[in-house]
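Working notes for the structure below.
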Amino acid sequence: MTELKFRTVTAFQRRIVNPVARRMPGQVLLETTGRKSGLPRRTPVGGRRIGDAFWLVSEYGDKSHYVRNIQADPQVRVRLKGVWHTGTAHLLPDDDVRARLRTLPRYNSAVVQGLGTQLLTVRVDLT
């Protein structure tokens, strides 16, 4: 059932939600470098800037393509309020994901908890 949920949700996100969200001016985008193509890959994400770091939680951990891209190349960009920031992403498997979600935007955190199957905290140290 978990695999079916993953396939259904990610297909819906990739084909419908993400193309629309990427065009929204206020949407936070995470830009990674494609691990196979080497091309920029932009993914709408929810999260929050706290000081010089941007925090988010991946719904599917290392099954998420952007997480796999980070594993191959942690240099990323994050678009916050229309401004691009460069940074280095860190995967934090030992972080308390539930506690982290309580510090992030409420709506996105509810969606991540409801749909996610393998939650993983990601911190981007902004430069």
Side-chain angles (χ1 to χ4, degrees):
M1 183 64 173
T2 301
E3 185 63 25
L4 176 62
K5 180 180 180 181
F6 169 76
R7 287 181 180 201
T8 303
V9 170
T10 56
F12 179 73
Q13 288 173 329
R14 270 190 221 127
R15 292 185 177 101
I16 297 170
V17 175
N18 290 357
V20 172
R22 276 193 291 268
R23 290 174 173 76
M24 297 174 67
Q27 175 66 49
V28 175
L29 294 178
L30 174 67
E31 184 181 84
T32 60
T33 300
R35 64 194 176 282
K36 295 178 184 176
S37 68
L39 298 173
R41 300 296 183 199
R42 293 181 177 174
T43 306
V45 295
R48 173 169 284 142
R49 182 177 183 162
I50 301 172
D52 289 332
F54 180 78
W55 293 85
L56 67 124
V57 174
S58 168
E59 294 167 311
Y60 300 108
D62 61 12
K63 289 181 82 172
S64 296
H65 289 279
Y66 71 87
V67 170
R68 290 179 180 184
N69 291 342
I70 289 169
Q71 288 172 326
D73 181 359
Q75 300 308 306
V76 300
R77 292 193 323 152
V78 180
R79 187 182 77 179
L80 302 168
K81 298 180 181 177
V83 177
W84 286 100
H85 303 269
T86 58
T88 304
H90 304 275
L91 306 177
L92 305 172
D94 295 329
D95 192 54
D96 182 344
V97 184
R98 306 269 181 227
R100 180 70 54 205
L101 285 169
R102 287 192 292 275
T103 70
L104 301 178
R106 190 175 304 161
Y107 173 75
N108 182 73
S109 293
V111 171
V112 167
Q113 276 189 304
L115 299 178
T117 58
Q118 189 180 343
L119 306 182
L120 174 66
T121 300
V122 179
R123 182 188 77 229
V124 177
D125 294 331
L126 304 172
T127 55

Interatomic distance, [X] atom [atom1] to [Y] atom [atom2] [nearest 0.5 angstrom]:
X   : Y   : atom1 : atom2 : value
E31 : L39 : CD    : CG    : 10.5 Å
T43 : L29 : OG1   : CG    : 8.0 Å
K63 : S58 : NZ    : OG    : 11.0 Å
I70 : L91 : CD1   : CG    : 5.5 Å
L30 : R41 : CG    : CZ    : 13.5 Å

State, yes or no, whether a side-chain contact exists between [X] and [Y] at a heavy-atom distance under 4.5 Å.
X    : Y    : value
R102 : S109 : no
L119 : L101 : yes
T32  : D73  : no
E59  : V111 : yes

Please determine whether residues [X] and [Y] belong to a single hydrophobic cluster, defined as Ile, Leu, Val, Met, Phe, Trp and Tyr linked transitively by side-chain heavy-atom distances below 4.5 Å.
X    : Y   : answer
V28  : W55 : no
V122 : L92 : no
L120 : I50 : no
V78  : V57 : no

Taking all atoms of both residues into account, what is the closest heavy-atom pair of [X] and [Y], and its distance?
X    : Y   : answer
N108 : G47 : ND2-N, 4.4 Å
R35  : H65 : NH2-ND1, 3.1 Å
G38  : T33 : O-CG2, 3.5 Å

Working note: F54 + L80, criterion side chain to side chain contact (heavy atoms under 4.5 Å, CB included); need CA distance, chi angles, decisive distance, verdict. CA-CA 9 Å; F54 180 78; L80 302 168; 3.5 Å; yes

Can you list the steps and then say if T88 with Q75 is a side-chain hydrogen bond (donor to acceptor under 3.5 Å, both in side chains)? CA-CA 5 Å; T88 304; Q75 300 308 306; 3.3 Å; yes

Where do V112 and L104 land on the side chain to side chain contact (heavy atoms under 4.5 Å, CB included) test, with the steps shown first? CA-CA 11 Å; V112 167; L104 301 178; over 6 Å; no

When you measure from the side chain of Q27 to the backbone of V45, do you find a donor-acceptor pair of N or O atoms at a distance under 3.5 Å? yes

Main-chain N/O of L56 paired with R100 side-chain donor or acceptor, under 3.5 Å: no

Counterpart residues, salt bridge (Lys or Arg N to Asp or Glu O under 4.0 Å), relative to D52 (two or more places apart): R49

Going by an N to O cut-off under 4.0 Å, is there a salt bridge joining R123 and D125? yes

